[in-house]
Amino acid sequence: MKVEFEDNQFREYEAGITAGDVVRDIHGRKSGFVAVFIDGIEKDMSTILESDCKIDPIDGESDAGLFILRHSCAHLLAQAVTQLYPDAKPTIGPPIEHGFYYDFFMQPVGDEELKKIENKMKEIMKENLPIIREEHSNISLRKMFGENKFKIEIMDDKIGQEVGSTAYRQGEFVDLCIGPHVEFTSQLRWFKLTSSSQAYWRADSKRESLTRIYGMCYATKEGLRNREKQIQEAAKRDHKKIGREMELYMIDEMIGKGLPVWLPNGEILKSSIEEFALKTEEEYGYQRVTTPVLGKKQLFEASGHLPHYAEGMYPPMEMDDGTYYLKAMNCPMHHLVYRNKKRSYRDLPLRIAEYGTVYRNEMSGTLAGLLRVRMLSMNDAHIYCTLDQVAQEFESNIKMVQDYYAAFGFENYYFRLSLWDPENTEKYIDQPENWEKTQNHLRKILDSLEVPYIESIGEAAFYGPKVDIQFTTAIGREESMSTIQLDFAAKERFGLTYTDETGSDNGEVFVIHRAPLSTHERFVAFLTEHWSGNFPTWLSPIQVQIITISEKHKEYGKIVSEELQKSGIRVKIDDSDNTIGKKIRIHRKMRPAYMAIIGDDEVKNNTISIRTRKGAQKNDIPLDEFIQAIGREISNRDTILGIVPVE
RNA sequence: GCCUCAGUAGCUCAGCCCGGUAGAGCAUCUGAUUUGUAAUCAGACGGUCGGGGGUUCGACUCCCUCCUGGGGCUCCA
């Protein structure tokens with residue numbers, strides 16, 4: 001039997017040898033391989049080779065390898081849990097980005113129990129049990145898992161009544177699974193249980209409540225360490241921590257959950273973003289309006305929000321002239337702006353923008369700092385155009401988004417085409433032809449722009465498909481940042497028309513909803529975590545912190561402060577009688593772009609000395625030279641602080 | 001909303017297991033010091049230990065409940 005192990009390299013083996021033996025023969029014992037591709041299909045090492053084939057070992061550190069390790073680790077978890085809690089019923093346990101989870105039908109577990117389970121897993125790991133694949137008929141599988149109605153349900157759904165399938169056994173534990181898995185439990189060394197939570201069977205809140213246990217798992221010690229370090233680093237960047245240190249925002253329970261108050265420093269960030277966006281969007285041909293935060297029930301019925309989005313809205317308010325709702329979106333009001341007068345094809349595309357707040361009734365448990373709030377400040381706009389104009393408007397919006405991200409120094413993002421879910425039509429406006437038509441349209445636009453994107457079913461808005469721009473946060477969590485949405489439903493719901501070239505009423509008005517800068521809340525949270533609070537100069541709440549060395553320098557310090565202020569630079573002065581070391585320590589927390597130190601030399605020479613956030617310094621810069629340099633840095637929106645050469 | 005962990009001074013935290021009604025550092029204020037790049041000294045102020053209820057002679061500590069925050073589920077910007 002001939003086995004190809006690299007392109008065009010072959011070795012002869014007796015039929016009946018396992019893939020693992022072949023891999024060991026070629027690569028040695030401690031290769032770090034966890035499974036193999038046999039003719040391109042993932043298989044266990046224990047697979048018996050019967051005829052000519054090609055073998056490609058899977059490294060534990062590759063994506064496929066980590067997936068297998070994590071999946072096996074989930075089984076290890078289930079084995080430990082069922083040993084410690086014999087009544088626990090394992091349900092499903094897939095690998096995920098940094099590890100795995102497993103859902104059990106059992107009592108919730110706390111931190112101490114988590115530790116106990118983890119220790120049990122380590123014991124089993126050390127026992128070095130072989131993990132054995134078993135083929136079973138449907139009948140015997142049903143007998144094996146008869147006690148566990150969840151497994152039976154999986155069989156009913158996924159495997160069907162007729163065919164057999166496989167299970168994996170390690171010691172006394174056996175789990176329904178198609179594999180592949182690692183060969184021995186000892187290969188699962190670098191894992192750690194991280195948390196437990198509660199999840200519903202089949203993600204359905206009407207079904208059984210399950211206990212989900214999360215863990216992380218890596219191929220190597222370094223992998224696990226790095227992830228632990230990443231989590232620690234992320235905690236340092238947490239916008240909630242930095243937000244408190246820099247006095248960006250506060251949340252007071254007397255005001256309410258999810259309702260942040262922007263403090264002066266945060267307000268500077270927020271308004272800088274707004275100003276930048278206002279200027280940019282003027283150039284792109286947007287016009288601004290302001291609409292009320294409340295509107296009548298009829299409005300939101302017409303827009304489709306009440307039938308499709310009611311749970312996202314605050315409960316109604318009964319007034320003497322009708323029922324009112326806080327707006328969760330601006331679009332219905334903008335549609336009425338469009339309809340306020342007769343529009344001509346010459347008006348299109350019409351771009352209506354608004355900087356305002358909308359209110360969404362997020363479930364209390366999901367609220368988190370500025371990342372998820374109930375009052376959203378956003379740079380929102382709606383573009384009214386013909387289908388032919390959609391492409392160019394999407395194009396210019398994608399370009400705008402890319403420009404924005406460059407200005408804020410963001411690099412880690414990707415595009416997602418969010419599609420409807422034809423299996424779940426009640427969540428969407430049920431017009432399949434329109435969905436297909438518009439989705440294909442967007443797909444073509446993205447293809448022609450040659451931006452890489454993924455497609456995701458079930459992520460669309462209820463009124464149409466969208467292009468989302470996805471970010472990965474410092475902690476590795478994925479969030480939507482920007483969104484550009486195509487709406488094919490508004491035109492009928494609001495009777496949006498224009499007079500076309502032939503003079504007749506044309507009802508083919510498409511609406512593009514777009515929010516390139518997310519919400520101010522989420523955006524500032526991202527910005528804070530991305531820069532760790534060390535914002536580019538143009539965004540820094542404090543651009544220059546003046547520190548005087550002694551009493552003698554107070555007077556000159558004030559002059560410097562006034563000069564900077566006159567030039568529009570955000571400056572603060574500390575001329576208290578603390579030591580200079582202490583003043584530096586105090587002000588580091590506020591992360592000014594620069595600290596300006598003033599002592600005898602500076603007074604004498606009419607200069608300042610600059611200290612950067614990293615501690616680098618440049619002494620005796622003439623004051624006017626500094627003002628010019630920082631002024632350029634601000635107006636260029638430089639993301640690199642360049643006054644002191646990079647250390 | 002559900003699960004889980006937590007809530008002690010403005011901030012960071014100790015005390016709680018094993019009940020005898022509170023401690024530290026930083027911040028703040030006052031005074032001294034006048035300082036050249038990440039901790040100058042001294043003093044003062046500051047807490048109904050998240051709220052309510054229970055057990056107890058006695059509760060920060062044990063129990064119940066509610067509130068708030070972190071993590072997760074669900075949803076989403």
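Proteins get letters first, then strands, A, B, ... in listed order; numbering begins at 1 in each. For the numbers below, each heavy atom of this structure counts, side chains included, while hydrogens, waters and symmetry mates do not.
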Should [X] be listed as having a side-chain N or O under 4.0 Å from OP1 or OP2 of [N]?
X: A:Lys466; N: B:rA77; answer: yes
X: A:Lys583; N: B:rU37; answer: no
X: A:Lys589; N: B:rA39; answer: no
X: A:Tyr214; N: B:rC73; answer: yes
X: A:Lys240; N: B:rG71; answer: yes

Counting Watson-Crick and G-U wobble pairs only, both distances under 3.5 Å, name the nucleotide matched with [N], or none.
N: B:rC49; value: none
N: B:rC60; value: none
N: B:rC26; value: B:rG10
N: B:rC2; value: B:rG72

For this session: Decide salt bridge (charged side-chain N to carboxylate O under 4.0 Å, His left out) for A:Glu393 and A:Arg351; before the verdict, give the C-alpha distance in whole Å, the side-chain angles of both, and the deciding distance to 0.1 Å.
Result: CA-CA 10 Å; A:Glu393 292 303 311; A:Arg351 307 182 189 91; 2.9 Å; yes

Exercise. Nearest to the side chain of A:Lys257 - B:rG69, B:rU40, B:rA77?
Worked result: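 Looking only at side-chain atoms, A:Lys257 lies closest to B:rG69.
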
Exercise. Can you tell me how far P of B:rG71 sits from CD1 of A:Ile96, to the nearest Å?
Worked result: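 About 16 Å, once rounded to whole Å.
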
Seminar exercise, completed: Here the distance between atom P of B:rA27 and atom CD of A:Glu245, to the nearest Å, is 14 Å

For [N], does the base pair up with any side-chain atom of [X] as donor and acceptor (N or O, under 3.5 Å, distance only)?
X: A:Gln470; N: B:rA77; value: no
X: A:Gln617; N: B:rG36; value: no
X: A:Arg360; N: B:rC76; value: no

For this session: Please report the C-alpha distance between A:Glu529 and A:Asp238 in whole Å, then the side-chain angles of each, then the deciding distance to 0.1 Å, and finally whether the side chain to side chain contact (heavy atoms under 4.5 Å, CB included) criterion is met.
Result: CA-CA 6 Å; A:Glu529 293 185 2; A:Asp238 189 337; 3.8 Å; yes

If we take the [atom1] atom in both [N] and [M], what is their distance in whole Å?
N: B:rG43; M: B:rG51; atom1: C1'; answer: 36 Å
N: B:rU28; M: B:rU21; atom1: C1'; answer: 27 Å
N: B:rC41; M: B:rU33; atom1: P; answer: 16 Å
N: B:rC49; M: B:rG23; atom1: P; answer: 14 Å
N: B:rC17; M: B:rC26; atom1: C1'; answer: 29 Å

Exercise. Under the criterion side chain to side chain donor-acceptor pair (under 3.5 Å), which of A:Arg591, A:Lys240, A:Lys589 is the partner of A:Glu245?
Worked result: A:Arg591

Exercise. More than 12 foreign heavy atoms under 6.0 Å from NZ of A:Lys270: is that the case here?
Worked result: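 More than 12 within 6.0 Å, yes.
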
Between the protein and nucleotides 7-13 of chain B, which nitrogen or oxygen pairs are less than 3.5 angstrom apart?
unit_1 : atom_1 : unit_2   : atom_2 : d
B:rU12 : OP1    : A:Arg244 : NH2    : 3.0

Are the side chain of [X] and the backbone of [Y] linked by a donor-acceptor contact shorter than 3.5 Å?
X: A:Thr607; Y: A:Asp620; result: no
X: A:His382; Y: A:His335; result: no
X: A:His334; Y: A:Ala353; result: no

Problem set entry | Which residue lies more 5' along RNA chain B, comparing A:Ile580 with A:Ala460 via nearest heavy atoms |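 This one resolves to A:Ile580.
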
Exercise. Where each residue is assigned the nucleotide of RNA chain B containing its nearest heavy atom, which of A:Ser480 and A:Arg212 is assigned the position nearer the 5′ end?
Worked result: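 Residue closer to the 5' terminus by nearest nucleotide: A:Arg212.
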
Problem set entry | Residues A:Val81, A:Tyr102; criterion side chain to side chain contact (heavy atoms under 4.5 Å, CB included); working and verdict | CA-CA 10 Å; A:Val81 168; A:Tyr102 211 115; over 6 Å; no

